[in-house]
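In this text the structure is predicted, and so the values were computed from the model without any measurement. Quick note on labels: first sequence line is chain A, next is B, and so on, each numbered from 1.
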Amino acid sequence: MSSPDFNDPLERELRAFRPVQPSAGLEQRLAAAIESLPEEPNVSQPGSMIRFLPWTLIAAATLAVVLFRPDQAAVLNPGDGSPAATVAAVPLTANLVPVSAENLLFGAEQDEGIFMVGGAPARRMRLHYLDTTVWEDRTTGQTVRFVQPREEIRLVSLATY
Amino acid sequence: MEPTELSGDWRGWYREYGPRLLVYARHWTSRQADAEDAVQDGFLRFWRRGDWQRPDPAPLLFAAVRSASLDRWRRDSRRERREQIAAADFEPLLEPSFGVEEERRAMIERALQKLSCEQRETLSLKIWGDLSFEQIGRALNISPNTAASRYRYALEALRKQLSADVLA
């Protein structure tokens with residue numbers, strides 16, 4: 001805060017007046033309002049994941065539909081017409097190697113601005129991905145596909161002028 | 001007390017800045033209750049956004065109260081504004097200090113009301129807000145030079161107005 005040097009007599013006269021004090025009710029109203037506020041923005045705030053919960057549920061539901069449709073129930077594709085196996089049925093000795101990977105960006109949103117520890121302003125971007133990895137068992141030719149939703153949070157620094 | 005000493009203690013902020021914010025908010029309303037509502041809105045915005053954690057946060061606090069005051073002013077109907085003007089004489093903006101006559105206080109308040117809005121708020125931020133021209137510039141989104149210029153013009157306009165009132 002500044003400590004201005006008021007040399008002008010009018011300035012000094014004005015400074016001699018004190019602003020009217022707020023009523024006691026204002027502080028009480030502020031106390032009630034501030035106590036009801038959610039916690040201040042924090043990158044590692046657990047509540048941020050709760051906000052993303054709907055996206056996660058939608059992605060998980062989509063994944064479940066894709067993987068477990070009756071006509072395409074085979075997570076493991078034997079290729080020989082035998083009944084489809086489930087992921088749990090993959091033998092531990094399977095010789096799996098990754099053959100492809102894909103990161104599908106299916107949604108993005110901006111959160112409100114936040115302030116970093118040092119006070120620098122930043123904007124939080126939430127990117128919603130569906131990561132798909134296909135593994136192949138070299139001995140049997142069977143493939144297994146893992147699909148999982150992923151949220152990526154990026155902090156984009158903001159410059160203020 | 002310096003803002004850095006206040007940190008996350010909202011009551012400390014309020015006690016330090018409450019009266020200054022109130023006199024500032026009164027430039028958009030002549031009713032103390034409305035000004036307090038604007039201070040409440042602005043203070044909550046400031047606190048909710050975590051602005052107090054930023055470097056030199058005082059101008060942001062005044063800017064938040066200014067924004068809240070303008071929002072309220074726009075919402076007010078013309079009829080309500082007329083009522084406020086009528087009630088203005090009953091709700092003084094400033095408290096007299098020892099040795100200053102009540103008549104002089106009322107004269108200064110009347111003269112303040114005759115300044116342009118830009119001059120009045122700059123004067124208020126400097127004299128009672130205790131902000132530097134650089135901080136005023138940040139609060140009003142103008143350059144420090146513009147803030148200094150407005151302040152000097154405001155002081156001169158106020159001086160002329162008071163002289164005219166004394167002669168009248």
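- The closest side-chain donor-acceptor pair between A:Arg145 and A:Thr133, if any, does not fall under 3.5 angstrom.
- Heavy atoms closer than 4.5 Å to chain A are found in the side chain of B:Arg15, but not in its backbone.
- We find that B:Arg49 and B:Asp51 are joined by a salt bridge, their nearest charged nitrogen and carboxylate oxygen being less than 4.0 Å apart.
- Proximity to chain A involves both the backbone and the side chain of B:Ile127, based on heavy atoms less than 4.5 angstrom apart.
- Judged purely by distance below 3.5 Å, without hydrogens or angles, the side chains of B:Tyr14 and B:Gln40 never pair a donor atom with an acceptor atom.
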side-chain contact (heavy atoms from CB on, under 4.5 Å) assessment of B:Leu155 paired with A:Leu10: CA-CA 8 Å; B:Leu155 214 53; A:Leu10 180 56; 4.2 Å; yes
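- Interface remark: of the candidates A:Gly25, A:Ala31, A:Ala33, A:Ala31 forms the most heavy-atom pairs closer than 4.5 Å to chain B.
- The contact between B:Leu123 and chain A is made entirely by side chain atoms (from C-beta outward), counting heavy-atom distances below 4.5 Å.
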